[in-house]
Amino acid sequence: MNYYPHHIGDFNSATRHLTRIERSVYRDLIELYYDTEAPLTRDIEKLCRLLIARSDDEQAAVAQVLQEFFAESEQGWRHARCDAEIARYHGNKEAKSAAGKASAAKRARRVSQEASGDAAQQPLNTCATNQEPKPEPEPEGNLPGAVDPGSRRGTGVDAMNMPLPAWLDRADWVSWVADRKARKKPITQEGARRQLQQLAGYHAEGIAARDVIAHSIASGYLGLFPPRHVPRMAAGQRARQRADWSTELRSVLAEGHARSEIDMGVIDAAG
């Protein structure tokens with residue numbers, strides 16, 4: 001990554017207790033993380049050479065900052081915020097690439113259809129009489145209620161561009177889909193539907209979808225789990241929220257039409 005967002009207020013609040021050397025080392029560690037898009041090496045001596053940390057004070061600052069702001073893993077020193085931003089970056093790239101390909105394919109189909117229309121207007125004696133008409137191309141996207149073949153095979157689908165509820169930021173969802181794809185565990189159509197229901201349940205409990213996704217990516221989870229020690233909505237309020245969803249569903253059915261998506265939430269087995 002050649003660019004990453006730097007929130008001055010967040011950084012100052014988190015590092016106000018550090019020395020000037022430690023603050024400088026922290027920035028260098030973060031920039032190295034974004035530059036390599038990978039956890040930092042566990043070899044402290046090698047890491048100090050990469051940061052040009054030569055004095056005893058500088059090397060001590062490297063060790064101190066790692067212990068306070070990073071988590072040691074088998075892959076190296078990980079940073080949850082950096083991991084989430086890197087996943088978001090790659091998710092946005094893939095989404096833009098997919099949108100560009102879809103736009104190009106749409107233009108190609110339009111040109112092909114226009115060419116077919118011009119050919120149909122040629123004199124009758126120039127047209128073959130033993131040709132069967134070609135079927136019309138199917139519309140893009142999944143029709144409501146349709147089952148995508150990829151979901152039966154367990155393979156990934158275009159979960160990045162599926163409809164999302166208003167409370168879920170598409171960049172956060174794209175980050176999650178991209179992370180699953182990078183781990184060679186792409187999300188199926190049915191899996192995406194159920195995970196959106198999970199996020200809706202967390203949302204009903206007052207837990208932001210962004211926090212759930214960032215925590216799951218940083219922890220290497222294949223499922224969506226909220227951070228620990230996050231306050232949840234009271235059980236009575238959750239029950240009222242689900243009751244509202246049930247009333248909404250009955251109202252839609254009574255009107256004789258179906259909505260594209262009604263979120264029923266998830267059942268909290270923990271009570």
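Numbering of residues begins at 1 and proceeds along the displayed sequence. Side chains included, hydrogens not; waters and symmetry mates left out as well; all remaining heavy atoms used.
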**Q** Rounded to the nearest 0.5 Å, what separation is found between the OH atom of Tyr34 and the CD1 atom of Ile30?
**A** 6.5 Å
**Q** Measure the CG-CG distance between Leu32 and Leu47 for me, rounded to the nearest 0.5 Å.
**A** 6.5 Å
**Q** Looking only at non-hydrogen atoms, find the nearest pair between Ala61 and Ile21 and report the distance.
**A** CB-CG2, 3.8 Å
**Q** Tell me who clusters with Tyr221, hydrophobic residues only, linked when side chains sit under 4.5 Å apart either directly or through other members.
**A** Phe225
**Q** Thinking salt bridges, do Arg27 and Glu31 make one under a 4.0 Å N-O criterion?
**A** yes
**Q** If you apply the rule side chain to side chain contact (heavy atoms under 4.5 Å, CB included), what do you find for His79 with Leu29, and how did you get there?
**A** CA-CA 10 Å; His79 192 285; Leu29 287 169; over 6 Å; no
**Q** Are any non-hydrogen side-chain atoms of Trp77 and Ile44 less than 4.5 angstrom apart?
**A** yes
**Q** Are the aromatic rings of Tyr4 and Tyr89 close, with centres under 6.0 Å apart?
**A** no
**Q** How far apart are the C-alpha atoms of Val212 and Trp176, what are their side-chain angles, what is the distance that settles it, and do they pass the side chain to side chain contact (heavy atoms under 4.5 Å, CB included) test?
**A** CA-CA 10 Å; Val212 175; Trp176 170 244; over 6 Å; no
**Q** Which class fits the ring pair Phe11 and Tyr26: parallel under 30°, tilted 30 to 60°, perpendicular over 60°?
**A** parallel
**Q** If I compare all heavy atoms of Ala14 with all of Phe69, which pair ends up nearest, and what's the gap?
**A** O-CZ, 3.5 Å
**Q** Work out which heavy atom in Arg183 is nearest to a heavy atom in Gly220; give both atom names and the distance.
**A** NH2-CA, 3.3 Å
**Q** For the residue pair Gln195 and Arg180, what are the closest heavy atoms and their distance?
**A** NE2-NH1, 3.2 Å
**Q** Work out which heavy atom in Gln59 is nearest to a heavy atom in Cys48; give both atom names and the distance.
**A** CG-SG, 3.8 Å
**Q** Does a side-chain heavy-atom distance below 4.5 Å link Asp211 with Tyr202?
**A** no
**Q** Going from CG on Asp179 to OG on Ser216, what distance comes out if it is rounded to the nearest 0.5 angstrom?
**A** 9.0 Å
**Q** How long is the span from the CZ atom in Arg88 to the CG atom in Asp169, to the nearest 0.5 Å?
**A** 6.5 Å
**Q** Going by atom types alone, do Glu190 and Thr188 pair a side-chain donor with an acceptor below 3.5 Å?
**A** no
**Q** Look up atom CD in Glu72 and atom CD in Gln67, then write down how far apart they are to the nearest 0.5 Å.
**A** 7.0 Å
**Q** Please assess Leu50 against Leu40 for the test side chain to side chain contact (heavy atoms under 4.5 Å, CB included), listing each intermediate value before the final yes or no.
**A** CA-CA 10 Å; Leu50 291 173; Leu40 303 175; over 6 Å; no
**Q** Check whether Ile217 and Leu222 end up in the same hydrophobic cluster, where Ile, Leu, Val, Met, Phe, Trp and Tyr are linked by side-chain heavy atoms less than 4.5 Å apart.
**A** no
**Q** Find out whether Asp10 and Arg81 are in side-chain contact, i.e. whether some heavy atom of one side chain is under 4.5 Å from a heavy atom of the other.
**A** yes
**Q** Specify the closest pair of heavy atoms between Glu58 and Ile52, including all atoms of both residues, with the distance to one decimal.
**A** OE1-O, 3.8 Å
**Q** If you count heavy atoms of other groups shown closer than 6.0 angstrom to CG of Asn12, is the number above 12?
**A** yes
**Q** Stepwise, does the side chain to side chain contact (heavy atoms under 4.5 Å, CB included) test hold for Glu68 with Glu22?
**A** CA-CA 11 Å; Glu68 183 171 353; Glu22 289 170 343; over 6 Å; no
**Q** Distance from Ser175 atom OG to Glu85 atom CD, nearest 0.5 Å?
**A** 8.0 Å
